[in-house]
Amino acid sequence: MKRTRIKELLTTPPQNQTVVVKGWVRTFRNNQFIALNDGSTATNLQIVVDFENTPEATLKRITTGAALSITGTLIASQGKGQSVEVVANELEIVGDSDAERYALQPKRHSLEFLREIAHLRFRTNTFGAVFRVRNSLAFAIHQFFNERGFVYIHTPIITSSDAEGAGEMFRVTTLDVANPPRNEAGHVDYTQDFFGKSTNLTVSGQLEGELAAMAFGDIYTFGPTFRAENSNTARHLAEFWMIEPEMAFYDLNDNMDLAEGLLKYVIQYALTHNREDLELLAQRLQEEEKQKPQQERSDMSLIEKLQFCLDHNFERVTYTQAIDILRESNHNKKKKFNYLIEGWGADLQSEHERYLVEKHFKKPVILTDYPKDIKAFYMRQNDDGKTVRAMDILFPGIGEIVGGSQREERLEKLTARMNEMNIPTHELDWYLDTRRFGACPHAGFGLGFERLVLFVTGMTNIRDVIPFPRTPKNCEF
Ligand code: 4AD
Ligand code: MG
């Protein structure tokens with residue numbers, strides 16, 4: 001007989017039918033009641049064991065974490081808190097669990113502790129909920145683009161270019177690092193390396209994505225990206241997933257509309273399809289908030305926060321307007337920012353982004369038209385000669401969740417900017433070809449997937465929303 005997932009059983013009308021369930025023991029009470037979980041839902045299924053007819057040796061092996069297969073009868077539950085339960089007729093121990101060493105007791109473990117116990121982490125209620133929500137969001141993203149006729153493009157993970165021009169790349173090489181071949185000038189001779197040149201892990205699929213957009217019109221990428229920036233924060237990972245749509249014939253306004261539409265669509269999807277998980281996570285967040293001083297507590301629950309995002313238009317403001325707001329703020333005057341806002345041109349820190357979103361506008365904000373000197377070479381230059389058609393979307397509790405722009409489609413302007421920024425045009429000639437053969441206005445953005453999951457789940461640290469986090473000095477498992 002085929003097994004039925006617990007999520008499905010919990011909504012199946014009980015008619016004394018025979019069912020097969022398989023999962024892992026969460027708890028075993030009074031030699032009689034097993035709380036079984038199979039990962040399909042946070043709710044456990046109660047299994048009633050016929051202890052009089054079950055050998056003592058078998059009962060002893062029903063320990064927390066053990067894998068079981070049960071054939072039994074689905075009946076209406078006598079106990080409260082559950083609609084159905086299964087009376088076991090046959091019980092097989094599929095895999096024993098070393099109960100003495102099994103660290104997951106019904107009490108609460110810290111999230112940091114669980115990061116180090118990889119096999120337990122997925123089996124906790126919190127992480128079960130986080131990774132089911134993560135799965136839903138990924139699916140919703142594909143569905144959103146698919147419904148709109150976008151083509152999903154797989155851009156390379158190994159590349160020889162630095163798309164963001166920020167130089168924060170992990171090198172990929174097969175050379176002997178202890179004794180690399182050297183050329184006459186004494187530099188490492190990458191012509192002898194695997195690819196015959198210097199290569200790295202990609203920081204973004206955008207440049208390759210732009211080529212595809214110039215053929216398919218609307219495309220998106222969704223894959224892993226890598227940044228060797230030494231940022232040990234609750235919002236940075238060295239390996240993270242990014243969604244990068246790129247659209248021909250779009251200007252910046254079209255780009256903002258699409259990004260806002262995407263965010264609202266996927267948040268709505270999670271609210272509809274992951275209610276139980278989100279309620280569990282809301283509860284967790286509420287308990288965490290109680291540890292904070294009164295004035296730092298959020299006055300909205302997780303669900304309210306998500307709903308609020310759907311109900312309001314994101315505020316669209318230019319960088320210049322934002323600087324004025326920040327400079328004139330009491331926060332700045334009272335020197336409460338670590339980095340005080342003095343003049344136009346400075347890059348915004350996350351404390352400024354969060355001030356704008358959480359204190360000033362009190363809703364998601366899209367900042368546009370940043371100074372060209374703090375943005376990448378490919379952004380479309382404005383006529384003022386100082387700013388570019390950039391957009392960053394800032395979210396409460398997160399800061400920047402999306403970064404994008406309208407692209408510079410004019411070849412001369414683009415190469416002039418690359419020269420100013422010392423970006424070798426010959427190495428990106430394949431990219432510049434898009435500006436030679438049918439260039440058109442186009443735009444795109446990058447959505448950091450983990451930052452999205454962080455927002456939707458209400459978790460506090462980005463390491464807790466990716467199954468195996470990679471951060472400076474940490475690459476376990
Ligand atoms: O703003 P970024 O650097 O933009 C790009 O890479 C562009 N090529 C995107 C595009 O226009 N196609 O990164 C985009 C987003 C950020 O807004 C942030 O959400 C996320 O990627 N991100 C990170 N997430 C986790 N850890 C990091 N170290 C991140 N760096 C960026
Ligand atoms: Mg950015």
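Start at 1 and go down the list; that is how both ligands and their atoms are numbered.
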Please determine if the Mg ion (ligand 2) has an N/O/S atom from D392 lying under 2.8 Å away.
no

If I consider every N, O or S atom in E400, which one ends up closest to the Mg ion (ligand 2)? I only need its name.
OE2

Please state which protein non-hydrogen atom is closest to [atom] and give its distance, to 0.1 Å?
{"atom": "atom 26 (N) of ligand 1", "result": "L237 N, 3.0 Å"}
{"atom": "atom 15 (C) of ligand 1", "result": "G446 O, 3.6 Å"}
{"atom": "atom 22 (N) of ligand 1", "result": "F240 CE1, 3.5 Å"}
{"atom": "atom 20 (C) of ligand 1", "result": "G448 CA, 3.6 Å"}
{"atom": "atom 14 (C) of ligand 1", "result": "M242 SD, 3.4 Å"}
{"atom": "atom 17 (O) of ligand 1", "result": "E400 OE2, 2.6 Å"}

Would you check whether Q206 has a nitrogen or oxygen atom less than 3.5 angstrom from a nitrogen or oxygen atom of ligand 1?
yes

Return a yes/no value for E164: is any of its N or O atoms, backbone included, closer than 3.5 angstrom to an N or O of ligand 1?
yes

Can you confirm if the aromatic rings of Y339 and H352 lie within a centre distance of less than 6.0 Å?
no

Taking the six-membered ring for Trp, are F145 and Y152 closer than 6.0 Å centroid to centroid?
no

Under 4.0 Å from a heavy atom of [X]: which atoms of ligand 1 are those, numbered in the order shown and with their elements?
{"X": "Y378", "result": "7 (C), 8 (N)"}
{"X": "G403", "result": "1 (O), 9 (C), 10 (C), 11 (O), 17 (O)"}
{"X": "G404", "result": "11 (O)"}
{"X": "E229", "result": "27 (C), 28 (N), 30 (N)"}
{"X": "S204", "result": "6 (O), 8 (N)"}

So how far is it from I323 CD1 to L356 CG, rounded to the nearest 0.5 Å?
8.5 Å

Between V402 and ligand 1, which residue portion shows a heavy-atom distance shorter than 4.0 Å: side chain, backbone, both, or neither?
backbone

Pick one: which of N37, N125, D38 meets side chain to side chain donor-acceptor pair (under 3.5 Å) with N44?
N37

[X] to ligand 1, any heavy atom closer than 4.0 Å:
{"X": "W241", "answer": "no"}
{"X": "R407", "answer": "yes"}
{"X": "R227", "answer": "yes"}
{"X": "R235", "answer": "yes"}
{"X": "S405", "answer": "no"}

Is the shortest side-chain N to carboxylate O distance from [X] to [Y] below 4.0 Å?
{"X": "D257", "Y": "R316", "value": "yes"}
{"X": "E289", "Y": "K292", "value": "yes"}
{"X": "R134", "Y": "E450", "value": "yes"}
{"X": "R227", "Y": "E168", "value": "no"}
{"X": "R121", "Y": "D464", "value": "yes"}
{"X": "R389", "Y": "D384", "value": "no"}

Could you pull out, from I466, I401, L447, the option with a heavy atom nearest to atom 19 (O) of ligand 1?
I401

Determine, considering heavy atoms only, which of E450, E244, R451 sits nearest to atom 18 (C) of ligand 1.
R451

If you count the non-hydrogen atoms of other residues, nucleotides and ligands that lie under 6.0 Å from NZ in K335, is the total more than 12?
no

For Y220, does the six-membered ring have the charged nitrogen or CZ of R148 within the cation-pi criterion, i.e. under 6.0 angstrom from the centroid and within 45° of the normal?
no

How are the rings of F222 and F449 set to each other: parallel, tilted or perpendicular (split at 30° and 60°)?
perpendicular

For a quick check under 3.5 Å, do N332 and S329 share a side-chain donor-acceptor pair by atom type?
no

